[in-house]
Amino acid sequence: QVQLVESGGGLVQAGGSLRLSCAASGRTIGSYTLGWFRQAPGKERESVAAISQSGRLTYYGDSVKGRFTISRDNREEMVYLRMNSLKPEDTAVYYCAADESYRLSSTVDDYDYWGQGTQVTVSS
């Protein structure tokens, strides 16, 4: 089992940048595929990005391709989401999640463990 704690959210103007961090504890995160998801008010939770256990493979949602970058540091038990060129429509609660399987999934139900979320608000 792994525990996940996100940080780094906040208020930023459109066009700005933020870096979200997710600290893991418990079982080593090297055993997990890791993902970032987000949920805006009144909307379903959606996949933003995912990264394989080794870090060699990544996935990005269409709305964030070219703007967001996911990375991980297995030694430090951390996963990051660098967000550039932020838009008001990026406003949401962002969640870190871990999947015990080897797949690189964008499906919410495939993830076994979740953090509590961190709010990102982008003003226009």
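Shortest non-hydrogen contact noted between Val48 and Val64 is O-CG2, 3.4 Å. Across Val120 and Gly9, no two heavy atoms sit closer than the pair CG2-CA, 4.1 Å. The two residues Gln116 and Tyr95 make their nearest non-hydrogen contact at O-CE2, 3.5 Å. Taking each heavy atom of Ser63 and Arg38 in turn, the nearest pair found is OG-NH2, 3.2 Å.
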Run the side-chain contact (heavy atoms from CB on, under 4.5 Å) check on Cys96 and Trp114 step by step: do they pass? CA-CA 6 Å; Cys96 174; Trp114 293 83; over 6 Å; no

Given Lys87 and Asp90, is the salt bridge (Lys or Arg N to Asp or Glu O under 4.0 Å) satisfied, shown in steps?
CA-CA 5 Å; Lys87 305 174 182 180; Asp90 294 318; over 6 Å; no

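Between Glu76 and Ser21 there is no side-chain heavy-atom pair separated by less than 4.5 Å. With a 4.5 Å cut-off on side-chain heavy atoms, Arg82 and Ser17 count as touching. Contact of the Ile70 side chain with the Tyr60 side chain is registered, since non-hydrogen atoms from C-beta on lie closer than 4.5 Å. In this structure, Glu100 and Tyr32 have side chains that are in contact, with non-hydrogen atoms separated by less than 4.5 Å. Thr69 places none of its side-chain heavy atoms less than 4.5 Å from the side chain of Leu81. Between Met83 and Leu20, the closest side-chain pair of non-hydrogen atoms falls below 4.5 Å. The shortest side-chain heavy-atom distance between Thr33 and Tyr111 falls under the 4.5 Å cut-off.
Using bins of under 30°, 30° to 60° and over 60° for the plane-to-plane angle, the ring pair Phe68/Tyr94 lands in the tilted bin.
Paired with Asp110 under the rule side-chain hydrogen bond (donor to acceptor under 3.5 Å, both in side chains), one option of Ser101, Ser105, Ser47 passes, and it is Ser105.
Ile51 and Phe37 fall into different hydrophobic clusters, where Ile, Leu, Val, Met, Phe, Trp and Tyr are joined by side-chain heavy atoms under 4.5 Å apart, directly or via other members.
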